[in-house]
Amino acid sequence: MSQSPVVIQVEGVAKSFGAVRALDGVDLAIATHECVGLIGHNGAGKSTLMHVLAGTLTPDRAAIQVNGDAQPGYGIELAHKLGIRCVFQELSLCPNLTVAENARILHSALRGFGWRRRAGALIKAKLDEVFPGHGLSADAVVSDLAIGQRQMIEIARAFTVTSEPLRLVILDEPTSSLDGHTAAQLFAFIRRSVEAGLSCILISHLLGEILGTSDRVVVMRDGRVVTSGPTASFDRNKLVAAMGGAEAHAAAITAAAPSTGPVRVRIRPKRQPDGRELVAREGEVIGLAGLAGHGQTDLLLAVFDAAGRKSGQRKSGQAEVTEPVALVAGDRQSDGVFPLWSIAENIGVGSLKNLRRGLLISEAAEDELAAQWQKRINIRTPDMRHSILSLSGGNQQKALFARALGSDARIVLMDDPMRGVDIGTKLDVYDLVRGEARAGRTFLWYTTEMDELSYCDRVYVFRNGVIAADLMRSEVSEDSVIGASFAEVG
Amino acid sequence: MQAQVARTSIGISRLHDGRRLLRAVLPALSLALIILAIWALNPRAISYFGLTLMLSLAVPVALATVGQMMVMAVNDLDLSIGSFVGLVGCVTATWLRDEPVIGVLILVGLVLAYMLVGALIHLRNLPSIVVTLGMFFVWQGLAILVLPKPGGHAPDWLHGLMAVKTPWVPFPIVAALVIGIVAYVGLMRTSYGVILRGAGGNPVAVSRAGWSLLRGKMIMFGLAGFCGVLAGMALIGLTTSADANLANGYTLLSIAGVILGGGEFVGGRVSPIGAVIGALTLTLAGSLLNFMHISPDWQVAGQGAILIVVLAARTLINRAGVSA
């Protein structure tokens with residue numbers, strides 16, 4: 001590895017946002033034939049560093065070398081010319097354009113007569129190569145596609161080549177919306193590309209992905225690189241320890257007796273052929289599993305809609321919901337945060353009735369609620385009155401949890417909310433969920449991560465919009481869930 | 001499993017195609033309904049001369065609508081286009097006729113001013129509604145300076161151009177077709193048009209791919225100004241004399257036309273052909289109300305009612321798509 005030529009080398013990268021030091025003197029070098037796994041807590045500076053490498057952010061101070069040449073004035077255009085691409089965490093496709101047109105945006109060479117056909121062929125060929133059997137059309141408009149399909153397109157697009165070379169692809173949480181099958185296709189493709197001479201930086205909060213795919217691991221903490229070494233020298237516990245996070249714990253939950261409390265939610269999926277239904281009782285954590293996009297979110301939304309109707313009319317459809325409901329959205333950018341509001345306002349909006357004093361909303365009460373949740377859920381900010389966008393992604397998600405848990409909702413719906421959230425935050429939230437459940441709250445938790453299912457009292461596995469299996473806690477295992485997700489109906 | 005996933009996604013895309021098709025033909029459908037209604041009330045109106053008369057004002061309206069669409073494609077709104085068309089009309093009826101060179105220079109300067117407004121909105125991150133509302137009064141004031149009271153004369157060549165008699169198909173329809181096709185090819189089919197629309201859909205993504213948003217916005221505002229100049233000239237070619245307040249109603253008419261044609265206020269979703277059809281629909285709506293013996297005072301209300309009906313139909317189509 002050391003004899004391979006270095007593609008990009010940065011030294012002493014520093015970047016501050018106001019008083020927050022995002023990067024504090026980072027050194028990093030990426031060689032050809034190398035896939036580097038980059039991990040760290042939320043706010044460790046990973047995304048900021050990637051923006052610097054991709055040229056979309058100008059650092060306060062840095063020495064950047066590409067292929068051994070110093071690059072003063074490094075920016076977006078130079079990065080493109082030198083063949084450095086980035087798949088950003090928040091999707092950057094234009095929803096109003098077709099797949100082919102989105103490919104065109106990345107390539108200034110796709111112009112002149114017949115550009116549309118060439119762009120379509122380019123992206124289609126790459127999709128076939130990375131995700132065989134993807135079933136996507138180059139003429140599809142992106143806004144019609146599911147979030148997982150959009151992510152596939154964005155990833156494939158980053159690997160397309162026209163007139164400019166391709167040397168390094170940075171993937172920031174590439175699998176956050178992919179199911180296990182497509183994620184495996186992606187990692188196989190990354191390995192093939194790296195063998196062929198490409199370099200990759202892979203950022204992921206799923207340690208298994210890092211350990212299974214990368215050649216070398218770099219761990220960041222508080223804006224610095226703290227550890228780096230061959231992947232073989234790390235294991236899960238070592239990585240977690242290096243990140244300075246909570247101790248890796250094997251989800252040891254004391255087996256609680258099955259709840260016999262009152263039924264809070266009873267719902268049958270629309271197309272359920274048999275009599276199976278989902279039942280959630282007081283104090284239960286119910287997991288919804290299965291491949292991404294197989295009806296879990298639809299079910300959560302059906303519960304949410306049912307709760308919105310006046311009591312007495314709740315029998316409509318097949319849903320029965322007895323208590324107020326709060327939803328923690330999965331796509332926090334589009335369904336979760338109010339981007340123009342402060343953190344405190346974003347939390348308080350779930351409990352406006354309780355914050356009201358007379359006709360107005362009491363700012364003092366809002367601040368109090370916000371301060372209480374900042375402490376309980378550890379939101380990292382100097383001031384809860386700052387804009388919600390000043391927070392890193394994981395901390396934004398914490399604010400959304402605070403919104404739901406701070407409200408008087410007795411039932412909390414979670415739509416795979418842990419996408420792209422670091423393990424420290426996750427462990428905080430897991431504890432909170434268990435604690436709130438003990439206090440009598442009911443959780444319906446759609447998750448794509450196997451680990452999270454072990455926090456559930458009961459797991460329903462979905463396939464093609466219906467419940468395919470109903471597992472007690474003792475029956476939940478990777479094998480049983482995957483088996484139920486893939487088995488043919490019958 | 002894989003085949004199943006592929007099959008479902010093909011099914012989904014077919015569903016989307018059907019919905020998209022329905023949405024795409026909705027503007028044409030509303031236009032056809034209006035024409036049908038006019039025909040039912042007065043069959044002789046649907047003739048070469050009838051259509052020429054009814055649609056004569058559609059050409060400037062269609063041009064202003066396409067200009068508005070350029071601005072709306074990049075998530076802005078141009079409230080100043082109405083008084084801008086009026087100002088261009090005043091310049092056309094005075095300077096362009098008497099001193100053609102100076103007249104042309106003024107019109108070019110006005111287009112450049114439009115580009116600068118676009119640059120200002122982008123660089124200072126100002127709400128376009130506020131800036132263009134201010135510009136509405138600037139253009140109106142300038143128009144009154146150019147032509148303090150109604151008057152002036154259209155240049156003869158312009159008057160002749162607008163009175164051209166095309167064979168078989170009335171001139172306004174031919175002109176509308178040309179406007180629609182040019183705008184469609186330019187914005188929807190060219191490779192740079194993709195960048196311009198992308199700047200409305202996801203500006204961050206477009207700038208991360210290395211494109212200048214400033215340039216895109218200046219081009220779109222410049223095109224809007226260019227369309228506004230053409231609209232003002234076409235209007236004077238028809239009316240032969242000018243008035244500073246001649247086209248104030250074009251601001252709302254052009255926005256309504258874009259929306260009627262399937263465009264949206266944000267997200268870069270616009271349709272040039274639809275916008276032109278929307279302009280024709282709104283123009284014909286006036287004639288329809290005339291045939292129904294409804295006072296012209298109600299014309300604007302009638303146009304508004306059509307807009308609401310079409311938007312309601314579009315919402316229904318979208319909702320059907322969501323629940324399916």
Side-chain angles (χ1 to χ4, degrees), chain A residues 51 54-56 75-81 85-86 88 90-98 100-113 115-116 119 132-137 139-146 149 154 157 179 181-182 291 293-294 463-465 485-488, chain B residues 1-20 23-24 72-75 185 187-213 216 262-271 318 321-324:
Chain A
H51 276 286
T56 47
I76 295 178
E77 278 161 42
L78 209 48
H80 271 259
K81 210 170 287 170
R85 305 263 182 82
C86 188
F88 294 99
E90 63 280 27
L91 299 180
S92 35
L93 297 174
C94 294
N96 57 328
L97 303 183
T98 65
E101 287 171 337
N102 269 291
R104 144 70 183 149
I105 283 185
L106 197 63
H107 295 285
S108 45
L110 288 172
R111 60 198 301 174
F113 190 72
W115 67 269
R116 190 178 293 269
H134 52 80
L136 290 164
S137 152
D139 297 324
V141 175
V142 168
S143 59
D144 290 341
L145 302 175
Q149 294 175 313
E154 178 144 17
R157 185 179 72 157
D179 57 47
H181 177 69
T182 37
L291 296 175
H294 274 245
R463 190 176 64 228
N464 292 331
S485 308
F486 281 94
E488 288 302 329
Chain B
M1 182 65 220
Q2 202 52 41
Q4 207 163 4
V5 170
R7 261 205 305 283
T8 356
S9 58
I10 288 166
I12 286 168
S13 73
R14 264 204 205 117
L15 197 74
H16 283 304
D17 286 349
R19 191 152 53 95
R20 173 154 297 114
R23 272 194 63 160
M72 283 170 73
V74 285
N75 298 344
V185 171
L187 195 60
M188 310 302 281
R189 301 302 299 181
T190 64
S191 57
Y192 193 68
V194 169
I195 308 300
L196 293 171
R197 281 182 295 133
N202 187 346
V204 176
V206 170
S207 75
R208 273 180 188 164
W211 301 96
S212 162
L213 290 177
E264 277 167 35
F265 284 107
V266 289
R269 289 191 177 84
V270 292
S271 156
N318 284 351
V322 169
S323 64

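In this text, all values refer to a predicted model and were calculated from it rather than measured experimentally. Chain letters run A, B, ... following the sequence lines, proteins first, then strands; residues in each count from 1.
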Quiz item: Non-hydrogen atoms of chain B under 4.5 Å away: do they reach the side chain of A:T98, the backbone, both or neither?
Solution: neither

Self-check item: Contact winner vs chain B - A:L106, A:N102, A:T56, heavy-atom pairs under 4.5 Å
Solution: A:T56

Quiz item: Tell me, side chain or backbone of A:R111 under 4.5 Å from chain B's heavy atoms, or both, or neither?
Solution: both

Self-check item: Under 3.5 Å: donor-acceptor pair, side chain of B:N202, backbone of A:L93
Solution: yes

Under 3.5 Å, side-chain donor or acceptor atoms of residues 191-201 of chain B against the rest of the protein: list the pairs with distances, not counting sequence neighbours.
unit_1 : atom_1 : unit_2 : atom_2 : d
B:R197 : NE     : B:L187 : O      : 3.0
B:R197 : NH2    : A:E101 : OE2    : 2.9
B:R197 : NH2    : B:M188 : O      : 3.3

Exercise. Give me the contact list for residues 262-271 of chain B versus chain A, heavy atoms only, anything under 4.5 Å, ordered by residue number.
Key: B:G267, B:G268, B:R269

Quiz item: A:H80 and B:G210: which non-hydrogen atoms are nearest, and at how many Å?
Solution: NE2-N, 4.4 Å

Practice problem: Examine whether an atom of A:L110 lies under 4.5 Å from a heavy atom of chain B, and if so say whether it belongs to the side chain, the backbone or both; otherwise answer neither. | Solution: backbone

